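Remarks on the structure that follows.
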Amino acid sequence: MDDAALDRLGAGFTGRLLTAADDMAPFLTDWRRKWTGRAVAVAQPDSAAGVAAVVRWCAEHGIAVVPQGGNTGLSGGATPDTSGRALVLSLTRLNKVRALDPINNTITVEAGVTLQQVQEAAREAGRLFPLSLAAEGTCTIGGNLATNAGGVQVLRYGNARELCLGLEVVTAQGEVWDGLRGLRKDNTGYDLRDLYIGSEGTLGVITAAVLKLFPLPAAQVAAFVAVPGPAAALALLQLAQARLGAGLTAFELMSDTCIALVEKHVDAARLPLAERSPWYVLLEVSDNVDEAHASAAVEGLLEQAMEQALVTDAALSSSLAQFQALWALREDISESQGAEGRTIKHDIALPISRIADFIAATDAAIQSQWPEPRLVVFGHLGDGNLHYNLSPAADRLGAEHAEAFTALEAPINRCVHDAVAAHGGSISAEHGLGVLRRDEAARYKSPTERALMQAIKQALDPHHLMNPAKLLPLENA
Ligand SMILES: Cc1cc2nc3c(=O)[nH]c(=O)nc-3n(C[C@H](O)[C@H](O)[C@H](O)COP(=O)(O)OP(=O)(O)OC[C@H]3O[C@@H](n4cnc5c(N)ncnc54)[C@H](O)[C@@H]3O)c2cc1C
């Protein structure tokens, strides 16, 4: 790429254009430092028109576009490949809240606004924006929608797709599509919004969105509950849904191995129960009355659950600090597992009714073939989403064992994902395919489904310049 051509791009939009290696470096490696690529430049336009100018310039020069938000994605979708023939299009300067309509219960934000900023803007207006995940201070709404992010409140409010009413998108041809409609009903043809949500930057660039808001709950209570196993946790989920209805806003499952890792790596972390249990549930109740009302509802649930031997012990939050401490036990699992050494991770979805069978069958299959690694299993049980992970055995954390553990990744992935398919599940629940799961996903989709996806890609991005080789295998990208 000659400097004169880059200069013309620089003149074509307002924002920043980075070309020096040091300036570009933070945009060329992913969050987990698993992938590092190269790029012609990093463009940071500050308007949708600027995004369109960049995309048109890339189309003219045959340069691939890699959209990037907060760069917290876990599947390698926001990292360019190593060819050096791509441009990273960073959306972080599209950072304005454009409108908030408290009567329509909607907020209109640009793609680079962080999830936390959206939550805060909603709260200031006395509203709740319920999408919530541990990367919320850094990840952007554009990235959340492009990956159809999930998080901890999907059970009650749905994932990013269900929270989005309208989009503004720059197409692969560099045109701006204004689909910023704040409508809850709109049956006027194909749902273009739903095509772009979850497309991981492979069809176009999201530049703004209209999002749904909800009433702020008056109180929230968390309970950390010991359960004998996943089957009891599922029975508890049913009981909780029957008793609490929409008041049940999160229902998380985690094994004792997960909590032991958090206690090991996080100074403040303490098991809030007198005795250990093989499994725990963290449940959250949101209430429109007050905290006493919420606590009474949870106590009633736990009493009945103990009578039915679904629960052996429980701790309830009675202050914001306790609420946060109980949640921290769940939210610190990923980082604690990372601090322990290498990991093998699976972000899978299953029909909720089949989760206990899946865990029993897959644990047995893994332990019979690979008895050493530790299973680190947790997830959003209420959504049927498990993070079915593995760590090396506690006495094999040294660097000399790393290669042997890494060599297990491919066969263990196959074992877990075949079990997911056999139980009617999905190999990516909330992190997307990116490059991490791209080829494996092709294995589990039917030829018809693959052909439909290729036809959509071909129709919307005929020159295959939008995030090529992400989500779809290279030959189809
Ligand atoms: C600590 C931690 C916890 C996490 N927890 C969760 C969780 O609970 N649930 C969950 O779902 N995810 C979770 N994630 C993953 C990640 O935060 C989400 O995938 C998030 O939605 C990515 O947003 P981002 O802005 O960082 O996107 P990026 O990482 O920048 O990009 C992700 C993908 O979206 C594309 N993209 C980004 N912006 C746009 C745009 N404006 N238009 C078109 N395409 C775009 C990129 O090309 C890439 O393919 C977690 C990550 C971390 C690091």
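As the structure lists them, so they are numbered: ligands from 1, and atoms in each ligand from 1. Just so we're clear, the structure is a prediction, and the values are computed from it rather than from any experiment.
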If we only count N/O pairs under 3.5 Å, is W31 in contact with ligand 1?
no
d(N159 CG, T147 OG1) to nearest 0.5 Å is 9.5 Å
At a 4.0 Å cut-off, with the gap strictly under it, does some heavy atom of G434 reach an atom of ligand 1? no
Examine G204 against ligand 1 and note whether any of their N/O atoms are separated by less than 3.5 Å.
no
Of all protein heavy atoms, the one nearest atom 12 (N) of ligand 1 is H431 CD2, 3.7 Å
I'd like to know whether CD of E335 has more than 12 heavy-atom contacts from other residues, nucleotides or ligands below 6.0 angstrom. no
When rounded to the nearest 0.5 Å, the distance separating CG of L94 from CD1 of I141 is 13.0 Å
Q) Strictly by modelled atom types, are D418 and Y444 linked by a side-chain donor-acceptor pair under 3.5 Å? A) yes
| query | Would you say ligand 1 has an N or O under 3.5 Å from any N or O of G150? | reply | yes
Q. Can you check whether Q68 has an N/O within less than 3.5 Å of an N/O in ligand 1?
A. no
inquiry  = Is it true that T114 and Q117 share a donor-acceptor pair across their side chains at a distance under 3.5 Å?
reply    = yes
Rounded to the nearest 0.5 Å, the CD atom of E200 sits from the NZ atom of K470 at a distance of 9.5 Å
Restricting to heavy atoms, the pick from T147, V170, D347, V51 nearest atom 18 (C) of ligand 1 would be T147
Give yes if a backbone or side-chain nitrogen or oxygen of G70 is under 3.5 Å from a nitrogen or oxygen of ligand 1, and no if not.
yes
Query raised in the report: Is the closest heavy atom of S334 to ligand 1 under 4.0 Å?
Result: no
Of all protein heavy atoms, the one nearest atom 27 (O) of ligand 1 is G143 CA, 3.5 Å
closest protein heavy atom to atom 14 (N) of ligand 1 is L74 CD1, 4.0 Å
Nearest non-hydrogen protein atom to atom 2 (C) of ligand 1, with distance, is A135 CB, 3.8 Å
If you measure every N or O of N71 against every N or O of ligand 1, does any of those distances drop under 3.5 Å? yes
Original post:
Polar-atom distance check: L133 versus ligand 1, any N or O pair below 3.5 Å?
Top reply: no
### Query
Does some non-hydrogen atom of V66 fall short of 4.0 Å from ligand 1?
no
So H380 and H387, would you call those rings parallel, tilted or perpendicular, with 30° and 60° as cut-offs?
perpendicular
Atom 17 (O) of ligand 1: of T72, L91, D30, the nearest heavy atom sits on T72
query: Is the closest side-chain donor-acceptor distance between D30 and N71 under 3.5 Å?
result: no
When rounded to the nearest 0.5 Å, the distance separating CD of E252 from CG of L283 is 10.0 Å
Problem - Distance-only polar pair, side chains of S391 and Q337, donor-acceptor under 3.5 Å - result: yes
The closest protein heavy-atom partner of atom 1 (C) of ligand 1 is A134 CB, 4.1 Å
